[in-house]
Each structure stands twice: as structure tokens, then as C-alpha cells.
Amino acid sequence: VCTYTSVLKGLCSLGRIADAKKLIELMRRCGCPPNSVAYNILIDALCKNGNFDEVDSILKESESKGWKPNAISYHIYINGLCKAGKLEDAYRQLEQRFDVGWDVSFRSYNIVMSSFCKIGRCLMVLKLFSDMLKKGIDADTRTYNIVVHSLCKAGKLRKAKCMVHSRGFSVNVVTYNTLINGYYRIGNYLEVEHLYHRMKSEKIKPDIFTYTILIVMFCSQGRVSMAKYCFDESIRKGLLPDLVVYSALINGCFKNGELHLGLEVLDRMLGQGLIPN
RNA sequence: ACGUCUGACCCGAC
């Protein structure tokens with residue numbers, strides 16, 4: 001079975017789906033019935049190809065073909081639907097499948113929620129979140145972060161902040177970055193600095209994302225020297241600047257007429273071996 | 001075998 005499955009994987013990665021399906025049939029006939037691993041590979045390939053109807057029927061016919069879809073099968077399917085923008089279908093699957101195990105459920109919920117968040121349907125995220133809780137599915141920090149992001153996007157910063165600071169809410173650096181970015185976007189710079197200090201007092205170390213937001217903010221206020229200070233601090237803290245931070249700072253320098261500084265930073269970036277895009 | 005959260009710019013659509 002393993003050998004056949006490897007071949008199957010190869011065929012799928014080459015996009016030879018018709019051959020993959022033939023191989024599955026061959027396996028069934030030659031005494032090496034494909035298991036869920038094999039079917040999941042095929043399902044993944046079909047999803048990437050947009051053949052969702054076929055995935056649906058493979059799952060429906062699974063019992064008659066002697067295999068049982070597992071948590072991952074549905075995760076692949078739901079993930080594929082989301083990536084293809086078929087969020088309503090993904091949502092429907094989620095409703096129908098939440099009983100296959102909490103592990104897949106919360107991961108799959110995260111994918112669907114974050115997809116809705118990306119297209120700005122924040123209310124839907126909140127609905128899914130409350131569905132999860134009602135069903136007794138455990139949320140993880142990423143789930144919370146998606147909810148916080150949605151609240152920020154919807155302009156409900158007050159609510160987002162309350163949530164983050166409420167008891168039993170597990171936060172990490174991403175949570176803070178999300179909230180800080182939310183306050184930056186509505187122009188509440190005081191709150192940004194406040195949160196920045198608060199995260200440090202909670203022993204959550206700012207990362208490159210944090211510093212990027214601060215740099216962008218200071219540049220947008222014309223406070224290039226503060227932006228540079230943040231940049232230097234990030235390096236002092238042992239963070240390696242990436243293309244995004246450099247772009248943010250260089251862009252800010254030039255927009256504010258600090259040509260020398262901009263070129264200096266660009267030089268540093270090139271010296272670090274980063275290729276401008 | 002799925003591997004889900006946050007940052008700059010650019011581009012496209014409206």
C-alpha cells in the first residue's frame with residue numbers, strides 16, 4: 001500500500017489526476033485497498049483542481065468502497081473550499097462534520113473563520129466563534145487572534161481590547177500585533193504606544209511584525225527618527241530585519257525627505273544580502 | 001496526508 005501511495009502522491013503532484021484515479025482502482029483490485037491516506041492525497045489533488053463535486057462523491061461513497069474518511073479528509077476538503085473562495089460551502093461542511101473530532105474541528109474552524117475575516121465578513125467570524133463555543137469545541141490562541149482581527153477590521157477596537165484583556169484569554173505576540181495594528185489604522189497612536197508597553201510588561205517580546213507596525217506609524221507621522229530608533233532597537237534585541245521592515249523604513253525615509261538616511265538603510269539592506277523587489 | 005493567526009510596498013478589480 002505504501003509503495004502505491006507514494007506513486008499516487010507523485011502522480012498527483014504532477015497533476016496527473018486521471019492516472020491517479022486509475023491507480024486507486026488498480027489498488028482496489030489487486031488486494032492493496034487504498035486507505036484514508038491514499039484517498040486524502042487524491043482529495044487534496046482534486047481540491048487543488050477545483051473538482052469539488054468529485055470530492056463530495058468520493059466522500060459520500062467512501063463506505064461502499066471500504067474506507068473511512070478521517071478528520072484530515074474533511075480538513076483537506078474544507079481547506080480547499082476556502083482557498084477556492086467557496087466559503088459558504090466550507091461553512092456548510094463545517095456544520096455537517098463537526099462531529100468527526102475536536103482536533104480537526106478547531107483547525108478547520110480557524111481556516112474558515114480566517115477566510116471570512118480576509119474578505120471582511122467579520123460578523124460571520126463572530127457567528128462561527130459562538131457556534132464553536134456552543135458546540136464545546138476548544139478554541140486555541142489562533143482562534144482568538146482571528147476573532148480579534150475581525151473585531152479590529154470591523155472597527156470594534158474597544159471590544160477587541162476588552163477581549164484580549166479579559167481573564168482566561170490566552171494571548172501571544174500575534175494578538176498584540178493585531179490589536180496594535182488595529183489601533184494604528186484608526187489613528188489612535190497613543191493607544192498603540194500604550195499597548196506596546198503593556199505587551200513588554202507582560203513579558204511578550206515584540207517581533208519584527210510589531211516593529212514594522214511601529215516604524216510605519218512613526219513614518220506616517222513624520223517621526224522618522226523614532227522609526228529609526230525602533231529599527232535599531234529591533235536589531236539590538238537580536239531580530240534580523242527582513243525585506244518588509246526595510247521597505248517600510250526606506251519608504252518612510254524617502255516620503256519624509258530623509259534621503260541620506262534612506263540610502264544608508266538601503267545600503268545596510270544590500271549588505272545583508274537582501275535583494276530589493 | 002491537512003499545517004490554521006498579525007506587518008511594508010506593488011499590481012489588478014470596483
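Letters go in sequence order (proteins before strands), and every chain restarts at 1.
Qualifying side chain to side chain contact (heavy atoms under 4.5 Å, CB included) partners for A/H165, counting only residues two or more places apart in sequence or in other chains: A/K161, A/Y176, A/L195, A/R198. With sequence neighbours left out, the ring pair (Phe, Tyr, Trp, His ring centres under 6.0 Å) criterion links A/Y4 to no other residue.
Identified under the ring-ring contact (aromatic ring centres under 6.0 Å, His included) test for residues 179-219 of chain A, with sequence neighbours left out: none. Within the structure, the ring-ring contact (aromatic ring centres under 6.0 Å, His included) test picks out the following pairs touching residues 23-51 of chain A (sequence neighbours left out): A/Y39-A/W67. A side-chain hydrogen bond (donor to acceptor under 3.5 Å, both in side chains) check over residues 253-270 of chain A, counting only residues at least two apart or in different chains, returns the pairs A/Y246-A/R268.
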Identify the pairs formed between an N or O of the protein and an N or O of nucleotides 1-8 of chain B at a distance under 3.5 Å, and give each distance.
residue, atom, partner, partner atom, Å
B/A1, N3, A/N40, ND2, 3.3
B/C2, O2', A/H75, NE2, 3.4
B/C2, O2, A/H75, NE2, 2.9
B/U4, O2, A/N110, ND2, 2.5
B/C5, O2, A/N145, ND2, 2.4
B/U6, O4', A/T178, OG1, 3.4
B/U6, O2, A/N177, ND2, 2.7
B/G7, N1, A/D242, OD2, 3.0
B/G7, N2, A/T212, OG1, 2.9
B/G7, N2, A/D242, OD1, 3.1
B/G7, N2, A/D242, OD2, 3.3
B/G7, N3, A/T212, OG1, 3.2
B/A8, OP1, A/R185, NH2, 2.9

